[in-house]
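What follows is a short report on a single structure.
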Amino acid sequence: MPELPEVETVRQGLRQLVLNKKIRKVTVLYPKIINGDTNIFIETLEGLTIKEIGRRGKYLIFNFDDGISLVSHLRMEGKYFVRQTGDEIEKHTHIIFEFTDGKQLRYNDVRKFGRMELVKTDNINDLKSLKKLGPEPTKTDFSIEDFTNKLKKKNKMIKPALLDQSLVVGLGNIYVDEVLWMSKINPQTIAKHLEKNEIIILHDAIIAELSKAVKAGGTTIRSYTNAFENSGTFQFDLNAYGRTGEPCRRCGNSIEKIVVAQRGTHYCPNCQKVK
DNA sequence: ATGGTGGCCTGGACGC
DNA sequence: TGCGTCCAGGCCACCA
């Protein structure tokens with residue numbers, strides 16, 4: 001399911017496939033994907049050219065000429081892929097962007113959870129969804145001091161705190177289990193109870209793990225593929241997620257699965273003890 | 001302001 | 001076989 005590494009991989013693929021293409025026609029088959037008026041969405045995009053494709057957290061951002069941006073979130077199973085005009089419309093295709101060169105960018109989403117929205121590029125940071133995002137998980141953006149200060153005020157469990165995207169962006173259910181395993185932190189630990197050295201280890205693990213997963217082209221568990229419809233390979237590097245009953249690669253204890261904040265949560269009860 | 005919960009959706013796995 | 005139930009989980013609206 002697309003977390004930051006998967007979205008980043010999609011972004012890189014899309015840049016190769018659709019950059020500088022001009023939209024001739026937009027077809028909306030399932031309007032609920034679009035936030036705002038469908039007709040305005042269509043009319044605004046027709047005639048525009050994709051000048052750049054960026055990313056903020058798990059949001060893809062298409063920048064067009066005329067100062068228009070499309071902010072797109074894949075949520076659980078959203079996908080973009082390219083087809084030729086006239087090709088059969090596959091099941092679960094919801095939005096079609098047809099280009100002047102006869103190719104089409106199609107948005108496909110089995111569960112219809114994804115959302116997209118048009119915004120003026122200059123006002124993109126006024127979007128409620130983007131406004132509340134924390135720093136990108138990089139050495140330059142993500143400071144230990146800021147992270148520590150925010151954690152010290154969080155009276156909830158570390159796992160839902162990290163999923164919230166306000167402390168740092170990019171973690172979803174898979175990578176959050178991974179970074180907590182890496183850091184030997186129990187997912188149910190109350191955030192403000194974390195010790196200084198644990199915070200430093202967690203901070204560094206978040207940066208390292210997400211960047212490693214980007215290099216691997218993301219994690220393919222259920223359905224994720226990039227814009228070229230290829231799978232990622234990071235699933236082979238997972239130490240906690242999906243390894244229920246298998247031995248912990250650090251201590252040999254059995255990885256267990258519990259529910260934390262309504263999410264399936266994988267951890268090693270021996271390495272990741274509650275303090 | 002903060003933390004917790006249900007809803008959005010579909011398909012696949014599972015039990016009987 | 002076919003039906004019902006549960007599970008997958010990112011985000012947001014809504015509640016206390």
Side-chain angles (χ1 to χ4, degrees), chain A residues 1-11 28-36 55-61 71-80 90-95 107-117 119 126-134 136-137 149-180 187-194 206 210 213 218-225 231-232 234-235 238 240-245 256-267:
Chain A
M1 4 244 127
E3 302 177 37
L4 185 147
E6 293 74 38
V7 177
E8 175 60 21
T9 306
V10 169
R11 183 188 79 83
V28 176
L29 301 168
Y30 186 77
K32 272 190 79 174
I33 298 289
I34 295 161
N35 287 333
R55 179 189 58 74
R56 175 77 176 97
K58 303 176 195 172
Y59 293 83
L60 276 172
I61 301 170
V71 178
S72 169
H73 199 299
L74 307 172
R75 295 280 182 95
M76 307 301 305
E77 305 202 27
K79 287 183 184 47
Y80 282 101
E90 289 108 325
K91 205 174 176 186
H92 309 303
T93 299
H94 305 309
I95 318 275
Y107 179 74
N108 183 290
D109 188 344
V110 168
R111 290 170 72 181
K112 302 178 175 171
F113 277 7
R115 292 291 180 265
M116 58 182 81
E117 175 168 6
V119 61
D126 296 339
L127 269 190
K128 211 164 59 173
S129 51
L130 297 186
K131 225 177 200 169
K132 58 187 169 205
L133 296 180
E136 292 288 322
N149 292 336
K150 285 178 176 166
L151 283 173
K152 286 296 171 200
K153 291 177 198 150
K154 284 267 176 226
N155 199 22
K156 62 175 174 184
M157 294 181 285
I158 186 64
K159 172 153 178 175
L162 290 174
L163 288 174
D164 179 73
Q165 310 299 300
S166 65
L167 296 170
V168 60
V169 297
L171 296 169
N173 204 44
I174 297 173
Y175 296 112
V176 81
D177 283 2
E178 292 303 306
V179 298
L180 290 173
Q188 298 186 91
T189 307
I190 300 300
K192 64 160 131 180
H193 294 165
L194 287 173
I206 291 168
L210 290 175
T219 300
T220 297
I221 294 287
R222 283 167 52 85
S223 59
Y224 161 76
T225 57
S231 297
F234 200 72
Q235 57 275 21
L238 298 179
Y241 186 89
R243 298 193 66 245
T244 313
E256 283 191 14
K257 184 175 178 187
I258 57 173
V259 176
V260 177
Q262 300 150 288
R263 305 299 162 93
T265 298
H266 314 71
Y267 77 114

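By convention in this document, chain letters (A, B, ...) are assigned in the order of the sequence lines, proteins followed by strands, and residues within each chain are numbered from 1. Remember, it's a predicted structure, so these values are computed and weren't measured experimentally.
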Is [X] near enough to [N] that one of its side-chain N or O atoms lies under 4.0 angstrom from OP1 or OP2?
| X | N | result |
| --- | --- | --- |
| His92(A) | dT10(B) | no |
| Lys150(A) | dT2(B) | no |
| Lys132(A) | dC12(C) | yes |
| Lys58(A) | dG10(C) | no |
| Lys112(A) | dT10(B) | yes |
| Lys128(A) | dA13(C) | yes |

**Q.** For DNA chain B, stems built from three or more consecutive Watson-Crick or G-U wobble pairs below 3.5 Å
**A.**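 DNA chain B forms these stems: B:2-8 with C:10-16, B:10-16 with C:2-8.
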
Between [N] ([atom2]) and [X] ([atom1]): distance, integer Å:
| X | N | atom1 | atom2 | answer |
| --- | --- | --- | --- | --- |
| Leu4(A) | dC11(C) | CG | P | 11 Å |
| Lys153(A) | dG3(B) | NZ | P | 12 Å |
| Leu162(A) | dG10(C) | CG | C1' | 15 Å |
| His73(A) | dC11(C) | NE2 | P | 3 Å |
| Ile158(A) | dG3(B) | CD1 | C1' | 15 Å |
| Gln165(A) | dG3(B) | CD | P | 16 Å |
| Lys159(A) | dG4(B) | NZ | C1' | 16 Å |
| Arg263(A) | dT5(B) | CZ | P | 12 Å |

Q | Gln262(A) vs Tyr59(A), nearer the 5' end of DNA chain C by closest nucleotide | A |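 Its nearest nucleotide being more 5', the pick is Gln262(A).
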
**Q.** 5' priority, DNA chain C, between Gly264(A) and Leu130(A) [closest heavy atom]
**A.**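 Nearer the 5' end of the strand: Gly264(A).
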
**Q.** Sugar-phosphate only, base, or nothing, as touched by Asp109(A) at under 4.0 Å among non-hydrogen atoms
**A.**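 Counting heavy atoms under 4.0 Å across all strands, no contact is made by Asp109(A).
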
Q: Give a yes/no verdict on base stacking between dC11(C) and Phe113(A): centres under 5.5 Å, planes within less than 30° of parallel.
A: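 Taking the rule of under 5.5 Å and under 30°, the ring of Phe113(A) does not stack on dC11(C).
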
Q.
If I take atom CG from residue Asp177(A) and atom OH from residue Tyr241(A), how far apart are they, to the nearest 0.5 angstrom?
A.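 Here the rounded value is 8.0 Å.
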
(Q) Go nucleotide by nucleotide along DNA chain B from the 5' end; which of Lys156(A) and Val110(A) gets its closest nucleotide reached first? (A)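 Counting from the 5' end, the first nearest nucleotide belongs to Lys156(A).
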
Q | Worked check of side-chain contact (heavy atoms from CB on, under 4.5 Å) between His92(A) and Asp109(A) | A | CA-CA 6 Å; His92(A) 309 303; Asp109(A) 188 344; 6.0 Å; no

